[in-house]
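Report on the following structure.
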Amino acid sequence: MNIKIVFIIFFITLNFKLSASDIVLQKFYGTRVHYNFSMDKYGNILIGTSQGTFKIIDNSLLKLNANAGYIRFTKGKLEVSKNGSVERHYKYRDLLPNSYSKYWQQSIEKDNYIYIICKNALFIFKRQPFSIQMEGYSIRSFSPNSVATYNGVFCFGEKLKVPTYSSGKILEIDSTFYICYDGLVKYSRGQKPIVYSNEVNGETKIGDNTIGFSRDIKKLNSEGFLLSTTKGLYVLNDSLEVAKKIFKNEDNNAPVIIEVFQKGYTNRVTFAHKNKIFRYGFSSKELIQLTSFSDIIVDGMVIPHEVNSEYFILTNHSLVIYNYLKDEKKVIWGLSNAYSLLVLTNNDLLISTINGLYYLKSGTNKFVHIFDGVEFNKMALYKEGDTIKLGTTNGIITIAESGLQNVVDDVIIRDQINFKKSFIYIILGLLIVSLGLLIFNWYRKKRIIISDEKDITKQTILNYIEENLSNVTVESISEHFKINNNVLYSIVKPSKPGKLITGLRLEKAKELKIQGRSIEEIANYTGFSVSYLKKLKY
């Protein structure tokens with residue numbers, strides 16, 4: 001297989017493998033022997049190789065000389081020798097593919113890049129502007145001082161004994177945690193957790209009432225809590241002893257709490273169930289349906305700085321900007337298996353899916369797909385200050401909002417480069433096709449009669465055959481007279497060119513045989529093979 005094809009396949013495979021890591025492969029060089037690194041007085045990284053000395057510039061290799069060997073600087077002067085010693089270690093074995101990981105490496109780092117020589121190959125890795133923690137844990141939700149996972153709940157870094165997992169959100173108030181795990185747990189540091197759960201079916205139990213599996217909980221300003229479960233929406237009192245149902249559902253899909261608004265005389269909750277949005281007034285006890293959508297609603301929130309009139313509504317396949325007062329919906333398509341949304345600075349949006357995240361710049365209609373190949377969990381998006389935490393099925397990705405913008409910019413640049421490459425390939429393809437058509441038409445025209453002045457008759461063709469009897473063919477006749485096969489056949493009809501050639505050869509063979517010529521001479525004159533003439537009765 002071509003070495004370039006091997007390299008491309010290797011690079012794509014490795015890059016995919018590391019796409020969820022905070023250190024990713026940028027380039028791989030494996031066509032020469034790389035001996036060692038050195039650094040000049042200006043901080044430039046140089047590499048000694050079997051093809052000479054190279055300098056790394058923008059992660060590309062610039063050849064400085066053709067002197068093969070190890071390099072070093074002595075009194076500021078570059079020296080190249082056949083032998084040399086290098087510092088060996090194994091600290092980056094987890095970055096390298098399996099076929100390299102057991103071998104020693106040498107390395108050098110600069111400007112968030114790691115350069116590694118292993119088995120004579122050069123790897124260039126880039127440190128991403130994010131970090132990964134809790135690998136091996138499937139993350140469910142966050143609060144300022146807690147992390148809920150499918151493998152346990154951590155508060156202030158300590159894993160709780162109860163609950164042993166979580167499938168919902170956590171509400172943190174003054175170091176007290178309300179944990180939706182199916183049942184409901186109240187936990188304060190240094191105290192024993194209080195569990196509100198039906199021991200038989202695991203549903204949340206408040207007082208004597210079993211009210212479904214808990215998924216989300218909000219604090220109400222006036223009194224108590226708002227709890228979303230698989231059986232509906234409930235108002236709980238402060239002591240978690242009484243649950244009052246304000247919305248009932250029978251399909252095991254917990255309502256999505258979009259906004260709890262409590263200011264002055266206005267006390268209400270806006271929520272979604274399936275494809276409908278509802279509003280409930282705590283004082284009026286009135287439940288109204290605001291609108292409906294064509295797709296299932298999975299998340300939503302009020303747009304910051306708007307006065308309770310505009311919402312971001314996330315469905316499985318789209319984002320909808322819904323204006324309640326104007327009853328308007330602006331739909332932005334392009335999502336697949338969307339889970340949750342997070343509002344960033346300037347109302348930019350981050351949307352988690354089963355395959356990566358989507359970033360939407362405020363005022364635009366085009367999503368940028370980042371972290372492709374990483375599976376995120378529902379409700380596992382969190383922002384505090386400039387720090388964003390993203391819950392995946394294999395750990396937490398922590399990134400500053402500025403770092404997130406760097407990731408987005410890198411993807412945009414990559415997509416632009418790929419688009420330009422695709423455009424160039426398309427143009428080259430069209431040029432090749434056009435050139436092929438031009439050549440074909442030229443060749444086709446060449447074989448058609450190009451001069452009406454030529455008097456081409458059947459006799460002139462017979463004369464040409466007789467003069468070139470030993471090597472004449474139908475193709476050579478067409479080429480000689482510059483006519484195509486259709487014209488040739490029309491001139492000699494009802495005869496056929498091939499039969500004319502064979503007939504004239506047989507006549508010549510008979511004539512030469514009567515003259516007593518040898519079979520070899522007859523073969524030479526007629527173009528027949530000796531073996532054919534021996535079988536032929538003439």
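Sequential numbering from 1 along the given sequence is applied to the chain's residues. The shown structure was predicted, so the numbers you read here are calculated from the model rather than taken from an experiment.
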Can the positive tip of [X] be found less than 6.0 Å from the middle of the six-membered ring of [Y], inside 45° of the ring normal?
X	Y	value
R189	F156	yes
K329	F293	yes
K219	F225	yes
K119	Y100	yes

Classify the angle between the aromatic ring planes of Y187 and F177 as parallel (below 30°), tilted (30 to 60°) or perpendicular (above 60°).
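Judged by the thresholds at 30° and 60°, the geometry between Y187 and F177 is parallel.
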
Parallel, tilted or perpendicular: rings of Y137 and F154 (30°, 60°):
perpendicular

Checking [Y] against [X]: is there a side-chain donor and acceptor pair closer than 3.5 Å?
X	Y	value
S167	D182	yes
N394	T392	no
H34	N120	no
Q262	N267	yes
T176	S188	yes
T204	S214	yes
Y165	N151	no
N36	Q106	no
Q133	S131	yes
N355	N337	no
R215	T230	no
R279	T270	yes
S60	K27	yes
Q105	S107	no

Is it true that [X] and [Y] have ring centroids separated by less than 6.0 Å?
X	Y	value
Y358	F371	no
F125	Y115	no
F278	F271	yes

Are side-chain heavy atoms of [X] and [Y] found at a separation under 4.5 Å?
X	Y	answer
F123	P97	yes
L390	F142	no
V408	I370	yes
I114	I116	yes
Y280	R268	no
V407	I399	yes
L46	D40	yes
D295	N275	no

Whether over 12 other heavy atoms sit under 6.0 Å from E135 CD
yes

Should the heavy atoms of other residues, nucleotides or ligands under 6.0 Å from NZ of K231 be counted, would the total exceed 12?
yes

Can you sort out the partners of D386 under salt bridge (charged side-chain N to carboxylate O under 4.0 Å, His left out), two or more places apart, ordered by chain and number?
none

Test of understanding: with side-chain contact (heavy atoms from CB on, under 4.5 Å), list the residues that count as partners of S318, not counting sequence neighbours.
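S318 satisfies side-chain contact (heavy atoms from CB on, under 4.5 Å) with T315, V320, V331, W333 once adjacent residues are dropped.
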
When you look at H89 and Y92, which way does the ring pair (Phe, Tyr, Trp, His ring centres under 6.0 Å) test go after all the steps?
CA-CA 8 Å; H89 58 75; Y92 293 121; 5.8 Å; yes

Checking ring pair (Phe, Tyr, Trp, His ring centres under 6.0 Å) for the pair F261/F282: CA distance, chi angles, key distance, verdict?
CA-CA 10 Å; F261 185 83; F282 294 112; over 10 Å; no

Thinking salt bridges, do K248 and E250 make one under a 4.0 Å N-O criterion?
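Salt bridge flag = yes for E250 with K248.
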
Can K326 and E310 be said to form a salt bridge (charged side-chain N to carboxylate O under 4.0 Å, His left out), step by step?
CA-CA 9 Å; K326 297 180 180 179; E310 282 197 320; over 6 Å; no

Matching residue for I179 among L160, V162, I217 - test: side chain to side chain contact (heavy atoms under 4.5 Å, CB included)
L160

